[in-house]
Amino acid sequence: MINEKMTQRGQSSSVIRELFEFGKQRKAIVGEDKVFDFSIGNPSVPCPKEITECMTRLLTEEDPVALHGYTSAAGDQGTRKAIADYINEKYDLGAEFSDVYMTAGAAASLTISLKSVTQAGEEVIVFTPYFPEYKVFIENAGAKTVEVPVTKSDFQVDFAALENAFSEKTAAVIINSPNNPTGAILTEDTLKKLGMFLSEKEKKYGKEIYLISDEPYRELVYGEIKLAFPAHYYDNTIICYSYSKSLSLPGERIGYILVSPKAASRKILFDTICGSGRSLGFVCAPSLLQKVVAENQGVVSDIAVYEENRRLIYDIITVCGFEAISPDGAFYLFVKSPSGDSNEFSERAKKYELLIVPSDSFGMDGYVRISYCVSKNQIKNSEEAFRKLAKSYGLI
Ligand code: PLP
């Protein structure tokens with residue numbers, strides 16, 4: 001019999017997709033340049049030329065049988081070593097190739113990691129607002145999602161709320177910094193406190209509790225901010241990385257899981273990750289892309305473009321009188337709904353051809369998310385529409 005839960009999942013369309021489709025219809029009616037689609041987080045900066053050159057060289061010069069063949073399930077050893085070496089150079093972590101498991105992007109990294117550290121009926125804590133697929137991956141592992149709000153003033157961990165939500169059933173906590181959808185970054189102080197908090201809980205419940213750090217935006221950090229590295233503050237950390245955003249390769253599906261070398265069950269945990277990858281049907285990560293990233297550790301897309309976009313959109317939004325948190329990373333701006341209702345705000349914005357995502361899709365009401373990974377022209381040309389939207393609320 002057909003699995004109804006999966007049918008429902010396949011049939012429920014995401015708000016972001018709906019907005020995107022709506023945008024396409026509007027563009028056909030009013031013109032491509034009259035609709036301002038800020039809904040999707042697809043990188044707008046092309047992948048670095050080193051990546052294109054590397055791919056071209058590999059495709060023309062390498063033996064195609066070897067190039068396109070299967071790698072071992074955990075990935076090509078050379079690639080895994082290149083990643084461990086790079087991480088050690090940057091973060092002094094002491095990782096080895098045997099801690100790295102190559103994946104088809106952060107989504108695969110997350111679903112494999114969650115399957116590895118949860119038992120049916122256990123709970124995983126996520127901080128609201130959060131990337132909606134977490135819930136899907138947690139449920140797929142047979143676990144339950146427990147939502148914990150962040151602090152409203154600065155989008156850090158609310159430790160009182162975390163304490164309330166924690167129980168002997170908690171198996172893991174997911175963090176995402178820089179964050180989708182807020183653009184906020186967890187401070188070193190927050191990560192230190194979180195590390196201490198989780199260590200105390202491990203003692204109290206006499207079991208390992210995992211911190212799953214979802215890091216697809218790790219390189220997208222702006223200004224003077226120095227991103228704190230979560231694995232420095234808690235030993236039982238699993239890093240879920242992806243090159244989708246840092247190298248603008250979301251369609252190529254490449255990333256990795258890194259088990260912290262300090263994890264108490266380092267080796268068994270890694271074997272478990274291999275087992276989860278196997279049972280979920282991930283045979284190996286794309287071979288060509290594994291070779292490409294091995295040769296290009298430290299290469300990043302031109303994030304100055306996003307930094308300029310961030311400044312432009314933040315200025316427009318705040319000059320219009322909207323309240324937004326100034327994002328330190330990723331490519332999202334989180335804007336407060338003047339009416340307090342995120343859907344009302346998103347619906348009203350549509351009247352001005354502005355497509356912005358209501359925050360309840362991320363488990364929190366009262367905001368919208370603006371993805372500013374779009375052309376500079378789109379941002380500049382949208383100013384008039386944002387002004388009209390602000391006027392409709394009496395903000396200007
Ligand atoms: N985690 C977060 C917070 C994201 O925003 C995304 C994609 O937008 C992902 C994970 C999935 O990324 P990937 O394309 O690497 O699967």
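Order of appearance sets the numbers: ligands from 1, and atoms from 1 within every ligand. These numbers were taken from a predicted model, which means no experiment stands behind them.
- With hydrogens and angles left out, the side-chain atoms of T151 and D158 include no donor and acceptor closer than 3.5 Å.
- Side-chain contact of T237 with S213: a donor-acceptor pair under 3.5 Å is absent, judged by distance alone.
- Using a 3.5 Å distance cut-off with no hydrogens or angles, the side chains of E147 and Y130 do pair a donor with an acceptor.
- Distances between N or O atoms of A107 and those of ligand 1 include at least one value under 3.5 Å.
- Between Y217 and ligand 1 there is a heavy-atom distance shorter than 4.0 Å.
- Atoms of ligand 1 found under 4.0 Å from any heavy atom of G105, numbered from 1 in the order shown, are 15 (O), 16 (O).
- Considering only non-hydrogen protein atoms, atom 8 (O) of ligand 1 sits nearest to K245 NZ, 2.8 Å.
- Distance from atom 16 (O) of ligand 1 to its nearest protein heavy atom, with residue and atom name: R253 NH2, 2.7 Å.
- Heavy atoms of E133 come nearer than 4.0 angstrom to ligand 1 in no pair at all.
- Across all their heavy atoms, L354 and S382 have their closest contact at CD2-CB, 4.1 Å.
- When the salt bridge (Lys or Arg N to Asp or Glu O under 4.0 Å) test is applied to R9, the partners found at least two apart in sequence or on another chain are E139.
- When the heavy-atom distances from atom 1 (N) of ligand 1 to L249, D214, I254, N180 are ranked, the shortest goes to D214.
- Residue pairs meeting the ring pair (Phe, Tyr, Trp, His ring centres under 6.0 Å) criterion with at least one member in residues 170-227, sequence neighbours excluded, are F166-F197, Y217-F331, Y217-Y332.
- P216 counts as a contact of ligand 1, since one of its heavy atoms falls under 4.0 Å from the ligand.
- Protein heavy atom at the shortest distance from atom 15 (O) of ligand 1 is S242 OG, 2.5 Å.
- A106 CB, 3.6 Å is the protein heavy atom nearest to atom 12 (O) of ligand 1.
- Heavy atoms only, all atoms of each residue included: L355 and G23 are closest at CD1-CA, 3.4 Å.
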